[in-house]
Amino acid sequence: MEESRTGDKQQFVERFRQRTKQLALDEILFSKDLPKTEEATIMKRQLLRSATSVAANYRAACRARSSAEFYSKLSIVIEEADETLFWLELLSESGTTTEAKVAELKRETTEILSVMAKARKSASKN
């Protein structure tokens with residue numbers, strides 16, 4: 001039974017390593033089509049910084065040397081995912097892009113944010 005849980009946990013970790021990395025790649029591809037205005041460039045930089053940070057910090061959390069470090073890295077993942085949502089909302093609401101173009105990115109970011117928040121809550125209990 002313990003081996004099954006360990007295998008399930010490893011699959012979850014790997015799946016989320018891939019999902020967070022794919023989110024970063026999707027944000028990079030999305031950003032290439034944004035207008036070349038000064039405002040769009042500023043928002044694009046912030047979006048790319050936060051979206052790539054989600055992936056990088058989740059990867060770091062997976063390598064954490066202690067429970068405190070794991071919790072800290074997960075907290076950064078949550079903060080950066082929330083910031084990514086903010087920039088996607090701002091891009092859409094400012095008319096820089098359309099809601100249709102950010103909808104899937106927002107959905108995936110929200111899902112990752114939700115799962116990571118639950119993981120952090122669970123980690124704080126242990």
Side-chain angles (χ1 to χ4, degrees):
M1 182 76 166
E2 187 65 33
E3 286 180 33
S4 175
R5 273 190 264 166
T6 301
D8 290 347
K9 183 179 177 185
Q10 288 172 338
Q11 286 178 346
F12 172 86
V13 167
E14 184 55 34
R15 186 170 63 248
F16 265 80
R17 281 172 62 112
Q18 291 302 316
R19 276 182 82 173
T20 56
K21 184 177 179 181
Q22 188 60 53
L23 176 67
L25 290 168
D26 291 345
E27 302 282 0
I28 290 167
L29 293 173
F30 162 75
S31 73
K32 289 181 178 184
D33 290 334
L34 290 173
K36 306 295 185 231
T37 64
E38 182 178 355
E39 300 82 15
T41 299
I42 291 167
M43 289 185 281
K44 175 172 77 171
R45 278 196 190 112
Q46 294 286 36
L47 173 68
L48 291 174
R49 188 201 54 74
S50 63
T52 56
S53 183
V54 169
N57 280 290
Y58 181 73
R59 190 176 187 119
C62 294
R63 299 275 185 225
R65 295 166 294 203
S66 68
S67 297
E69 185 179 1
F70 177 75
Y71 186 89
S72 176
K73 292 296 181 182
L74 270 189
S75 294
I76 295 170
V77 170
I78 292 164
E79 181 181 331
E80 296 293 343
D82 188 56
E83 186 176 333
T84 299
L85 279 174
F86 171 78
W87 293 115
L88 290 169
E89 290 167 3
L90 205 58
L91 283 161
S92 173
E93 292 171 20
S94 68
T96 305
T97 191
T98 65
E99 181 61 31
K101 289 182 181 176
V102 298
E104 181 57 28
L105 294 170
K106 285 171 61 176
R107 187 202 59 75
E108 179 64 0
T109 304
T110 300
E111 208 170 289
I112 288 170
L113 176 59
S114 176
V115 171
M116 292 298 106
K118 288 176 187 170
R120 181 177 67 175
K121 188 173 186 176
S122 183
S124 71
K125 292 178 182 177
N126 295 335

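Please read all numbers here as calculations on a predicted model, not as lab measurements. Because only heavy atoms are used, hydrogens play no part in the values below, and waters and symmetry mates are left out as well, while side chains stay in.
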Considering all heavy atoms, the nearest [X]-[Y] contact:
X	Y	answer
L34	K44	CD1-CB, 3.9 Å
L74	A61	N-CB, 4.4 Å
A24	A55	CB-CB, 4.3 Å
E27	T84	OE2-CG2, 3.5 Å
V13	Y58	CA-OH, 3.5 Å

Give the C-alpha distance, both sets of side-chain angles, the deciding distance and a yes or no for salt bridge (charged side-chain N to carboxylate O under 4.0 Å, His left out) between E80 and R49. CA-CA 9 Å; E80 296 293 343; R49 188 201 54 74; 3.2 Å; yes

What do the steps show when you test L85 against K106 for side-chain contact (heavy atoms from CB on, under 4.5 Å), and what is the final call? CA-CA 6 Å; L85 279 174; K106 285 171 61 176; 4.1 Å; yes

Does [X] [atom1] have over 12 foreign heavy atoms under 6.0 Å away?
X	atom1	result
R63	CZ	no
K21	NZ	no
K32	NZ	no

Can R19 be said to sit on top of F16's aromatic six-ring, NZ or CZ under 6.0 Å from centre and within 45° of the ring axis? yes

To the closest 0.5 Å, what do you measure between [atom1] ([X]) and [atom2] ([Y])?
X	Y	atom1	atom2	value
T20	R59	OG1	CZ	9.0 Å
T109	W87	OG1	CH2	14.5 Å
I78	N57	CD1	CG	11.0 Å
I42	L47	CD1	CG	13.5 Å
I76	M116	CD1	CE	14.0 Å
Y71	S122	OH	OG	11.5 Å

Single-linkage hydrophobic cluster [X]~[Y], side-chain heavy atoms < 4.5 angstrom:
X	Y	value
F86	M43	yes
L90	L48	no
V102	I28	no
L25	L113	no

Any donor-acceptor N or O pair under 3.5 Å, side chains Q18, E14: yes

Would you find a donor on one side and an acceptor on the other, under 3.5 Å apart, between the side chain of S92 and the backbone of L88? no

Salt-bridged, K73 to E69, with N to O below 4.0 Å? no

What verdict does the side-chain contact (heavy atoms from CB on, under 4.5 Å) test give for C62 and R17, after you've listed the backbone C-alpha separation in whole Å, the side-chain angles of each residue and the deciding distance to 0.1 Å? CA-CA 9 Å; C62 294; R17 281 172 62 112; 4.0 Å; yes

